[in-house]
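Since the structure comes first, as structure tokens, the remarks are kept for the end.
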Amino acid sequence: MAAERLIDLRSDTLTVPTPEMFAAMVSAPLGDDVYEEDPTVNELQEQVAAMFGHRQGLFTPTGSMSNQLGLRTLVPAGQEVVTDAFAHIVRAELGGLAAQGGITTRTYDALDGLVDPARVAGIARPPSSPYLVGTAAIVVENTHNFGGGRVQPLVALQELRAVADANGLAMHLDGARIWNAHVASGVPLASYGALFDTVSVCFSKGLGAPVGSMLLANEDRIAAARVLRKRLGAGMRQVGVLAGAARYAVDHNIARLAEDHRRATRLAQLLAAVAPDVVDVTIVDTNIVLLSLRESRRSATELHQAALSAGVVISVLGPREARLVTYAGITDQDVEQAADILSPLLAPG
Ligand SMILES: *Cc1c(COP(=O)(O)O)cnc(C)c1O
């Protein structure tokens with residue numbers, strides 16, 4: 001039996017602009033951003049940089065680009081970054097750091113993607129030898145996407161900064177969902193910003209803009225990143241139409257992320273009640289619910305098929321891992337209905 005409308009829980013990138021956001025796009029004052037003359041872009045860059053206590057911002061089409069631009073200003077070709085094995089920069093950017101920046105990654109296994117300062121201290125190796133690859137930067141993802149939306153504890157981030165300082169390393173934040181971390185933890189955005197040399201944030205995830213990310217850093221790094229962005233062919237002209245959407249998102253859509261978090265927790269509770277081996281409510285910090293299907297009758301692909309024919313779309317992460325994500329298009333009623341559909345598929349049987 002096909003549902004009238006699919007409940008699509010694959011990703012918070014599935015949001016489409018609301019009429020209010022479209023209105024903000026249409027009314028945004030525009031100029032040529034390659035000349036740095038788009039007033040909407042310039043205002044957004046100043047506004048978001050100030051929110052994180054950074055000097056400047058650079059609007060980019062995607063978070064993959066802002067991650068890579070930021071890291072290329074911190075890490076010379078032939079050196080490495082240290083991060084966890086499930087980081088987006090390692091798994092989901094098609095080797096861009098290596099292909100475009102000559103940068104390698106060294107990874108460690110982290111529980112739910114949570115940073116482990118002692119592990120990082122153990123494997124980071126500042127440039128010191130004619131043979132060994134030198135570490136130049138540490139990368140943190142907050143919230144951690146493939147870790148199930150977990151929020152990095154502030155204390156661990158502070159310890160990691162101490163490790164970086166003791167070893168002369170820079171720190172980059174992949175903050176695609178830093179807004180979710182901020183709303184869930186109450187930690188001010190500027191407190192996160194203060195710990196990192198470069199920060200990447202996305203407007204196109206839970207904040208609901210159709211396109212857009214931003215790199216935050218000091219003047220020298222932003223100037224360098226601007227050159228690299230242009231070289232990649234992403235010097236954008238009247239891009240205030242997109243910055244207008246991002247501006248609207250930042251002004252209106254941060255606090256409402258708490259609703260997505262509440263709905264994800266509710267969904268996790270309903271599913272854990274019938275399938276405690278599959279869903280661990282205690283690790284649902286934000287808007288992502290991981291499904292661990294190691295003990296299940298169905299593989300992730302089989303679950304996807306069964307759920308799809310019953311009206312729910314899930315995201316397959318691996319043979320036995322899947323993900324459910326809440327966002328502005330998902331209502332309380334959707335959550336109850338999705339749980340009704342998924343529960344019999346997940347229950348041991
Ligand atoms: C979505 C995301 C990005 C950026 O993705 P783009 O599709 O390139 O905008 C970066 N890091 C994390 C953790 C993400 O979830």
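Counting convention: from 1, in listed order, for ligands and their atoms alike.
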- Val90 versus Ala85, closest heavy-atom pair with distance: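 It is CG1-O, 3.9 Å.
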
- Sidechain-backbone polar pair: Asp112 side chain, Leu114 backbone, donor-acceptor under 3.5 Å: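 Checked: no pair found.
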
- Exam field: side chain Thr135 to backbone Ala137, donor-acceptor pair closer than 3.5 Å: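 No, Thr135 side chain to Ala137 backbone: no donor-acceptor pair under 3.5 Å.
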
- Are any of the N/O atoms in Ser64 less than 3.5 Å from those in ligand 1?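 N/O-N/O distance under 3.5 Å: yes.
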
Applying a 4.0 Å heavy-atom criterion (strictly less than), which segment of [X] is in contact with ligand 1: side chain, backbone, both, or neither?
| X | value |
| --- | --- |
| Lys205 | side chain |
| Asn67 | side chain |
| Thr62 | both |

- Message: Please report whether the ring centroid of Trp179 lies less than 6.0 Å from that of Tyr327.
- Response: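 Aromatic pair excluded; centres sit 6.0 Å or further apart.
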
- Task: Answer yes or no for atom 8 (O) of ligand 1: protein heavy atom present at a distance under 4.0 Å?
- Result: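 Looking at atom 8 (O) of ligand 1, one finds that a protein heavy atom does lie closer than 4.0 Å.
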
- Task: Assess the side chains of Arg247 and Gln47: does a donor N or O sit below 3.5 Å from an acceptor N or O?
- Result: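 Checked: Arg247/Gln47 side chains pair up, N/O donor to acceptor below 3.5 Å.
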
- Could you tell me the residue and atom name of the protein heavy atom closest to atom 11 (N) of ligand 1, and the distance to it rounded to 0.1 Å?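 The closest heavy atom on the protein side is Asp174 OD2, 2.7 Å.
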
- Show which atoms of ligand 1 fall inside a sub-4.0 Å distance from at least one heavy-atom site of Gly63.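 That gives atoms 4 (C), 6 (P), 8 (O), 9 (O) of ligand 1.
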
- Output the list of atoms in ligand 1 that are nearer than 4.0 Å to some heavy atom of Arg177, sorted by atom number.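 Per the distance check, 15 (O).
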
- Do other residues, nucleotides or ligands put more than 12 heavy atoms under 6.0 Å from Asp251 CG?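 Count over threshold, so yes.
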
- State if Met65 counts as touching ligand 1 under the rule of any non-hydrogen atom under 4.0 Å.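 The answer is no: ligand 1 sits nowhere under 4.0 Å from a heavy atom of Met65.
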
